Each structure stands twice: as C-alpha cells, then as structure tokens.
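Read through the structure below, which is laid out as structure tokens, and then see the notes.
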Amino acid sequence: MKRKLIAAIGIAGMMVSIAACGGDSGDDGKKAGADGYAGETLTVWVMDGSSPDQWQKDVAAAFEKKTKAKVKFEIQTWNGIQQKLTTALSEENPPDVFEIGNTQTPAYAKTGGLADLADLKSSIGTDWSESLNESAVFDGKQYAAPWFVVNRVVVYNKKVWADAGIKELPKTRDEFYADLKTIGDKTDAEPIYLPGQNWYHFVGLAIGEGAELVKKDGDKYVSNLADPKVAAAMETYKKFQALSKAPKDKDEATPQQGEVFAKGKTGAFIGMGWEAGIAIETNPAIEKDLGYFTIPGATAEKPEGVFLGGSNLAVAAGSKKQELAKEFLKVTLSDEFEGALAKANGVIPNKDSLQSNLKGNAAAEAAAPAAGGGGTTPLIPEWAAVENAPNPIKTYMTAVLNGKSTAEAAKQVEEEFNKRLSQQQ
C-alpha cells in the first residue's frame with residue numbers, strides 16, 4: 001500500500017556490510033557449477049523510499065559473492081505501479097523479483113502472476129511473524145515473502161501531559177481515555193486530535209475486536225459492517241473522537257494532523273511515526289516535547305489492534321530465473337539484511353527476534369509491541385475497489401459520529417459497499 005517510509009526521529013543510518021556464504025543451486029533446479037550463476041543479472045523492482053542506497057549496495061555485494069550473479073535494482077513509484085506491474089507480469093521478460101504492497105498481494109496471486117514460494121518458506125521462513133506473513137499467503141499457498149510493515153502509535157506532547165499532572169503513560173484503553181479527559185479538564189489543550197475518518201485506525205480497532213469487515217454470502221463477499229464486533233470498534237472510536245475538535249467528515253491528511261499537532265495545543269494524535277516529522281518541519285521547537293507510546297488496548301497485556309501497512313517481496317511466475325531469484329531472497333531476508341533495513345528505516349522486520357534493531361528509534365519502539373496482534377484490510381482481490389473515493393467506510397464512520405446508530409450507518413452504505421465488492425478484478 002502507498003505510504004511514506006521516512007523514519008521520524010533519531011534513526012541510525014549506519015549500515016553493516018555482510019558477506020554471505022556461497023550458493024549451490026542453479027536455474028531450473030540445476031546444480032550451480034564452480035562459476036555459480038556467473039554472467040546472470042537479476043532484475044529487482046523496489047519502491048521509492050523502501051530501501052536505502054547503501055543497503056542495496058551491500059545486498060548486491062553479498063548476492064554476487066554468494067552466486068557470482070549481479071543484481072539490478074530498478075526504483076519504482078507508487079503512483080501507477082499497479083497498472084505498470086500488471087502489464088510487466090504479462091510480458092515475456094517481467095522483473096524477476098519485485099516489491100508489492102501487502103494488501104495488493106492477493107490480487108496478483110489470483111491472476112497467476114506470482115511464483116509459489118513454499119520451498120522458501122520452509123527453508124528460511126519458519127519463524128516469520130504470523131501477522132506479517134498472513135498477507136503473503138493466498139488460498140493456502142505462499143505467493144510472497146513478508147518484508148516489513150509499519151503501524152500507528154500515539155504521538156503525544158510531553159509538556160501538555162505534564163501540565164495536566166499526568167506522571168505515567170497509560171497502559172490500558174480506559175487509562176488512556178481518563179488521561180485525555182484530565183488534559184481536557186486541567187489544560188486549555190485539545191486532548192486528542194482525531195478526525196472522523198481516520199479509517200485505518202478504525203480498521204485497527206476492528207482487528208482488536210476480532211472483527212471482519214466482509215463476510216462470505218454464497219460465492220461472493222458482502223459487507224459485514226453490521227456485525228456487533230465492528231460496531232464495538234466504532235463505539236470505541238466514537239468515544240475518543242468526542243474528545244476532539246477535529247472535523248467528523250475529514251481524514252488525518254485534511255489537514256495534515258502533524259501540522260495541527262505542531263501548534264503545541266494538542267495532547268496527542270494517533271498516527272505513523274513519520275507524521276511527527278511533519279510537526280517538526282512545521283514547528284522545529286515542538287521536537288523537544290515529542291513522545292510516543294503504543295496504543296493501549298482493553299487490557300495491559302495486549303496492545304490495541306493496529307493496521308499493518310507494508311510490503312512483501314515476490315517472484316514473477318514468468319521469470320526465467322526463479323531459482324536465482326530465490327537465492328536473492330535468501331540474502332535479502334537474512335537476519336543481517338532484514339535487521340539492517342529495520343534499523344535504517346525504522347520499519348518492523350519480519351521476525352520478532354529482529355525487533356532489537358529498532359532500539360533508539362522511539363517511534364518504531366512504540367510501534368513494535370502491537371505488530372504481533374495487528375492485521376490488514378480483508379486479504380481478498382475484491383477489496384481494492386472498496387478503498388476508492390468516496391470510501392464507504394469513511395461514510396459509515398461519519399454517519400455514526402453525526403448521530404446515526406451503527407446499524408443505521410451500516411445499512412446506509414451496504415449497497416455501495418457490496419457493489420464495489422462485486423466488481424470484476
């Protein structure tokens with residue numbers, strides 16, 4: 001999915017060059033000779049901002065040492081990538097390996113564009129995080145490898161919280177709400193900036209409730225917004241949104257909530273770590289007051305549900321170099337390079353054991369605890385059309401915040417929701 005991958009505060013930029021072991025298998029399953037894959041060049045598409053230049057150089061060097069083949073990274077932009085990739089996968093020489101949004105993966109798997117990576121999963125992916133790997137699986141088959149995710153945290157103003165007399169950060173949802181109420185009662189700050197259509201946070205709340213946004217009706221998917229678990233998530237959102245002066249019919253980018261927070265009169269907002277960077281750019285003086293914490297859940301033992309936005313790595317079904325592509329993934333997804341990417345970009349790596357690489361990055365450290373219990377929008381090809389403007393989930397949220405019951409709001413958007421789910425992919 002489209003997102004910025006700029007680490008917000010204090011990210012270490014140092015990369016570690018790792019020398020990998022020699023490879024022993026060749027294309028089409030043949031044993032590689034003494035020269036390995038000498039003379040071969042692997043084409044890899046990565047999205048702008050996903051991987052630092054030095055990381056790419058180090059990976060390329062380790063890959064060449066292991067296989068004697070070269071890798072050619074080609075940088076792509078998110079704007080228009082779906083059509084470009086769809087076209088490329090239908091041609092004779094597609095990119096061998098490519099980055100793909102985690103929620104986009106099912107659509108490409110369904111159309112036959114992705115190679116089966118079951119053998120890769122069994123060889124290097126036995127300890128991949130289940131929550132990250134879920135999006136790489138379609139119809140029970142491993143069609144991609146999880147690369148990284150990012151998720152939302154609470155960005156808060158330390159001065160505002162101190163002025164309210166709050167000495168400890170909240171550990172549960174009720175404590176979080178109580179602290180925000182205290183800010184409203186004891187200061188002139190807005191407790192939380194939470195616009196009515198921050199729908200990815202709502203999706204996170206639904207994930208926390210164990211809710212599904214769609215359900216199967218015969219051989220098709222239909223809206224499940226009327227489900228009591230979805231309603232419970234929306235009621236939680238409504239409770240917190242009542243503490244905010246933000247518009248009920250706008251999302252977090254209209255205006256940018258980081259710009260609102262930069263004024264110093266807001267206790268907190270729920271967003272990505274890079275959004276704090278917007279606040280600092282708007283008002284550099286705010287940096288000293290910035291803090292982060294994991295979104296508290298119903299109990300102290302389990303953080304709030306979060307939406308995991310991120311990327312997988314896939315191999316083109318039409319690639320003539322599939323075995324070499326898998327060797328590249330073994331290098332790229334090794335602990336050394338997966339950990340180095342997490343450290344450089346502040347993203348959540350595909351193994352829980354590698355989260356130590358986030359130490360020193362306050363926003364990433366706050367995000368990591370929730371990743372294991374996070375999830376995504378429904379991992380079905382039919383979902384893509386739902387997010388097109390005007391997004392019916394945003395319409396549903398605003399309707400509830402403006403006074404309709406969750407049942408009435410769900411009914412209001414049901415026809416449009418189902419129409420989009422029925423569109424041909």
Side-chain angles (χ1 to χ4, degrees), residues 1-11 47-52 78 99 101-103 131-132 135 147-157 176 192-195 197-208 237 240 244 246 250-262 266-283 286-287 289-296 303-311 341-349 355 357-358 360-377 387 391 394:
M1 66 170 295
K2 186 175 182 180
R3 70 236 172 266
K4 293 186 179 179
L5 292 173
I6 302 171
I9 308 293
I11 295 175
M47 305 309 296
D48 185 26
S50 292
S51 53
W78 286 105
E99 178 183 352
N102 58 351
T103 59
S131 61
L132 272 69
S135 69
W147 196 15
F148 61 82
V149 295
V150 290
N151 57 265
R152 284 158 179 78
V153 298
V154 180
V155 183
Y156 76 105
N157 186 315
F176 184 25
I192 185 171
Y193 185 84
L194 183 60
Q197 296 184 348
N198 188 340
W199 80 284
Y200 281 121
H201 176 49
F202 165 66
V203 169
L205 294 174
I207 290 167
Y237 192 101
F240 280 83
S244 176
K250 296 290 189 295
D251 62 21
E252 68 276 15
T254 316
Q256 287 286 349
Q257 56 185 4
E259 294 177 354
V260 176
F261 185 80
T266 305
F269 72 89
I270 293 171
M272 308 296 283
W274 58 261
E275 291 181 88
I278 294 176
I280 295 169
E281 184 178 352
T282 304
N283 175 21
I286 199 75
E287 183 172 5
D289 296 324
L290 275 175
Y292 309 86
F293 60 87
T294 309
I295 306 173
E304 188 62 84
V306 291
F307 173 79
L308 301 175
S311 289
L341 184 69
K343 184 175 183 179
N345 275 4
V347 294
I348 310 300
Q355 289 184 6
N357 289 280
L358 302 174
N361 183 330
E365 286 187 280
T376 67
T377 48
E387 296 190 22
N391 185 330
K394 289 185 175 182

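Only heavy atoms go into these numbers, but all of them, side chains included; no hydrogens, no water, no symmetry mates. Remember, predicted model here, so these are calculated numbers, not experimental data.
Atom CH2 of W78 sits about 6.0 Å away from atom OG of S50, to the nearest 0.5 Å. Here the CG-CD distance, from N391 to Q197, works out to 8.0 Å after rounding to the nearest 0.5 Å. Distance check, rounded to the nearest 0.5 Å: CD of E387 to NZ of K394 gives 9.5 Å. From M272, atom CE reaches atom CD of Q257 across 11.0 Å, with rounding to the nearest 0.5 Å. Taking OG1 of T282 as the start and CZ of F261 as the end, the distance is 11.5 Å to the nearest 0.5 Å. Atoms CD and CZ, on E304 and R152 in that order, are 13.5 Å from each other to the nearest 0.5 Å.
For S135 (side chain) and T103 (main-chain N/O), no donor-acceptor pair under 3.5 Å exists by modelled atom type. Under the 3.5 Å distance criterion, the side-chain polar atoms of T294 are matched with a main-chain donor or acceptor of A366. Of the possible donor and acceptor atoms, one in the side chain of N151 sits under 3.5 Å from a partner among the backbone N and O of A367. Checking side-chain atoms of D251 against main-chain N and O of W199 turns up no donor-acceptor pair under 3.5 Å. Although no hydrogens or angles enter the test, the distance criterion places a donor-acceptor pair under 3.5 Å between the side chain of Y237 and the main chain of N198. With Q256 contributing its side chain and E275 its backbone, the two residues share no donor-acceptor pair below 3.5 Å. When atom types are taken as modelled, the side chain of N283 and the backbone of A262 share a donor-acceptor pair closer than 3.5 angstrom. At least one donor-acceptor pair under 3.5 Å links the side chain of E99 to the backbone N or O of M47.
The shortest heavy-atom contact between E259 and I278 is CG-CG2, 3.7 Å. When all heavy atoms of Y193 and S244 are compared, the closest pair comes out as CA-OG, 3.6 Å. Here the closest non-hydrogen pair linking S131 and G374 is CB-O, 3.8 Å. A364 and I348 make their closest contact through O-CD1, 4.1 Å (heavy atoms, listed as atom of the first residue, atom of the second, distance). Here the closest non-hydrogen pair linking L358 and V347 is CD2-O, 3.3 Å. The shortest heavy-atom contact between Q355 and A368 is OE1-CB, 3.4 Å.
Between P255 and V260 the shortest side-chain heavy-atom distance falls below 4.5 Å. Between V306 and I207 the shortest side-chain heavy-atom distance does not fall below 4.5 Å. A heavy-atom distance below 4.5 Å is not found between the side chains of P349 and L341. Taking 4.5 Å as the limit, some side-chain heavy atom of V155 sits within range of a side-chain heavy atom of L290.
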Would you check, one step at a time, whether the test ring-ring contact (aromatic ring centres under 6.0 Å, His included) holds for F293 with Y156?
CA-CA 8 Å; F293 60 87; Y156 76 105; 5.3 Å; yes
Give the intermediate values and the outcome of side-chain contact (heavy atoms from CB on, under 4.5 Å) for residues T376 and F307.
CA-CA 5 Å; T376 67; F307 173 79; 4.1 Å; yes
Applying side-chain contact (heavy atoms from CB on, under 4.5 Å), run through F176 and V154 and close with a yes or a no.
CA-CA 10 Å; F176 184 25; V154 180; 3.9 Å; yes
N102 and L132: side-chain contact (heavy atoms from CB on, under 4.5 Å), yes or no, with the steps?
CA-CA 9 Å; N102 58 351; L132 272 69; over 6 Å; no
